[in-house]
Colleague: 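This is the structure I want to talk about, given as structure tokens.
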2 protein chains.
Amino acid sequence: MTSPRTQPAADRPRRGRQRASHSSEAVLSAAVDLLDEAGESALTLRALAARLGTGVGSIYWYVSGKDDLIQRAIDHVLGGVLADIEARAGTGDALDDLRVMAVTLFDAIVDRPWLGTHFMRGIDVEGSSLRLYEDLGRQLLRLDLTPRQRFHGVSAVVGVVVSNALDMGQEPPPSVLDGAVDRDEFLGRYAATWRTLDPDAYPFVHSIVDEFDGHDDKDQFLGALDLTLAGLRLQAGL
Amino acid sequence: MTSPRTQPAADRPRRGRQRASHSSEAVLSAAVDLLDEAGESALTLRALAARLGTGVGSIYWYVSGKDDLIQRAIDHVLGGVLADIEARAGTGDALDDLRVMAVTLFDAIVDRPWLGTHFMRGIDVEGSSLRLYEDLGRQLLRLDLTPRQRFHGVSAVVGVVVSNALDMGQEPPPSVLDGAVDRDEFLGRYAATWRTLDPDAYPFVHSIVDEFDGHDDKDQFLGALDLTLAGLRLQAGL
DNA sequence: GTCATTATCGAACCTCGTTCTATCATCGAA
DNA sequence: TTCGATGATAGAACGAGGTTCGATAATGAC
């Protein structure tokens with residue numbers, strides 16, 4: 001009963017019954033496809049089994065449960081993100097590089113909102129999450145910072161990326177999945193509600209409602225990111 | 001069939017059957033208790049009904065579903081947080097005040113990790129979430145910033161608070177709930193794993209592992225928060 | 001060929017959110 | 001007082017989901 005959970009079957013000489021060609025790879029790819037196509041709620045063990053042309057029980061040969069499945073799926077796609085990020089390193093200023101990497105990561109999460117929720121849960125083990133953390137942090141190694149400042153700095157940057165990408169990922173339950181209502185209109189409703197509020201009770205909300213209406217999510221993220229980077233630049237004495 | 005969802009029964013002259021004394025208040029309080037005692041997974045409609053000494057169906061008289069229940073529970077406790085926050089306003093420098101408010105909010109979410117996940121989902125309607133947003137933002141109204149800078153500024157601060165509090169909220173599934181393993185030891189295991197990594201492949205992780213081991217979560221949050229605030233101070237020309 | 005190992009399959013179980021219908025209590029009108 | 005209308009309550013039943021389990025098939029070593 002040595003399950004291939006720690007060492008995928010694909011790595012070993014292929015044997016075993018060939019009825020339906022499974023493997024960690026196939027399971028994970030199918031899971032990612034389901035996630036991409038219809039979001040986190042679409043990833044059910046039964047749907048996954050159906051797509052693989054197999055039974056639910058088979059999946060448990062490759063993963064220990066649904067949590068494990070999601071974790072692996074995340075690590076799976078994070079591998080690609082990692083390649084992108086590492087390709088963009090070392091060209092300029094440390095903070096510029098860090099910025100480019102953060103933006104790349106952000107874009108990836110926006111592309112796949114399901115990444116956000118469970119993101120950074122797998123930093124304990126060696127995997128893409130840890131590599132990502134390492135790559136981000138390595139930029140700060142080039143600056144004149146204390147270890148503590150470096151540690152807090154990366155945490156801050158990751159936090160900004162995740163929280164902003166998460167923000168964008170949340171959709172209204174019914175509509176947007178099929179594109180019936182686009183995000184702009186969705187956000188426009190927020191703005192419309194806000195405008196009806198008493199300006200004396202909500203002066204701030206009124207002062208930014210125009211900014212909010214039709215705002216670009218990416219700008220919002222970049223704004224937050226640059227605040228953090230400005231703080232880091234200050235700390236590094238630049 | 002006028003459900004009391006928009007106007008709680010408690011506000012009207014008390015009538016109706018008295019078999020089990022329900023009300024929006026009672027339902028929400030019980031829900032919050034369950035959440036506090038054993039986390040988000042403990043809040044099931046059946047458990048809630050049992051605690052109230054009633055049937056599952058009754059709960060649907062007060063809330064439209066589980067999402068609604070959670071949203072209301074959050075708004076319920078956010079009311080208290082709001083009071084704390086508003087009590088701390090207007091004493092000093094705008095950014096100092098903002099900092100104090102952010103820390104208060106952070107503490108509240110750390111106290112109740114279940115707040116974090118669904119936090120900021122109810123800013124569309126008038127409620128405690130929106131008030132919170134307003135109170136935070138009002139501090140920036142006192143600074144010389146453009147509307148866009150204010151908008152991005154509050155988003156950034158909220159993002160830092162939420163993402164850091166969320167980080168702290170995640171526990172290892174089995175142990176910490178009953179206090180068998182405390183958080184320090186839990187984090188220590190991360191550090192132990194990291195120390196076994198190849199220092200050439202993971203220079204950054206190695207450089208901060210001592211910092212990470214036994215680190216104070218709150219310091220980490222404050223570090224990130226101060227980076228953002230430093231950026232804001234810069235923007236405001238202070 | 002035999003046998004242990006590797007891998008697959010789906011029925012069955014349990015929990016959960018939600019719906020539906022039956023029932024009870026109270027009040028206002030006839 | 002009687003009788004609907006409305007306000008509330010209760011729990012059975014449904015369907016979907018994650019997980020467990022035992023049966024079974026394929027493979028490789030001897």
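All values below come from the heavy atoms of this structure, side chains included, with hydrogens, waters and symmetry mates left out. In the text below, chain A, chain B and the rest are named by the order of the sequence lines, each starting its count at 1.
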Colleague: Using whole Å, what does the distance between atom C1' of nucleotide D/dG18 and atom CG of A/L48 come to?
Modeller: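 Those two atoms, CG and C1', are 13 Å apart.
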Colleague: Measure across A/G65 and A/Y60 and return the closest heavy-atom pair with its distance rounded to 0.1 Å.
Modeller: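 Residues A/G65 and A/Y60, closest heavy atoms: CA-CE2, 4.0 Å.
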Colleague: Do the ring planes of A/H215 and B/F151 sit parallel (below 30°), tilted (30 to 60°) or perpendicular (above 60°)?
Modeller: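 Answer is perpendicular, since the angle exceeds 60°.
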Colleague: Starting at CG of A/L69 and ending at P of D/dG18, how long is that distance when rounded to a whole Å?
Modeller: 9 Å
Colleague: How many Å lie between CH2 on A/W61 and P on C/dT5, as a whole number?
Modeller: 11 Å
Colleague: Nearest whole angstrom, please: distance from the C1' of D/dT19 to the CG of A/D68.
Modeller: 14 Å
Colleague: What closest approach, in Å, do A/L197 and A/H206 show between heavy atoms, and which atom pair accounts for it?
Modeller: O-CE1, 2.8 Å
Colleague: Heavy atoms only: give me the nearest A/F204-B/E134 pair and the separation to one decimal.
Modeller: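 Heavy atoms of A/F204 and B/E134 come nearest at N-OE2, 3.0 Å.
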Colleague: From A/L69 CG over to A/L48 CG, what is the distance, rounded to the nearest 0.5 angstrom?
Modeller: 6.0 Å
Colleague: Considering only nitrogen or oxygen atoms on both sides, find all protein atoms under 3.5 Å from nucleotides 17-20 of chain C and state each distance.
Modeller:
residue : atom : partner : partner atom : Å
C/dG17  : OP1  : B/K66   : NZ           : 2.4
C/dG17  : OP2  : B/L45   : N            : 2.8
C/dG17  : N7   : B/R46   : NH2          : 2.5
C/dG17  : O6   : B/R46   : NH2          : 2.4
C/dT18  : OP2  : B/Y60   : OH           : 2.9
C/dT18  : OP2  : B/K66   : N            : 2.8
C/dT18  : O5'  : B/Y60   : OH           : 3.3

Colleague: Can you check whether B/S58 has a side-chain N or O nearer than 4.0 Å to OP1 or OP2 of D/dA8?
Modeller: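 Indeed not, no polar side-chain atom of B/S58 lies that close.
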Colleague: Can you tell me the distance, in whole Å, between the CG atom of A/L52 and the C1' atom of C/dT8?
Modeller: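 So the two atoms are 12 Å apart, to the nearest Å.
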Colleague: So how far is it from A/L43 CG to A/E37 CD, rounded to the nearest 0.5 Å?
Modeller: 11.0 Å
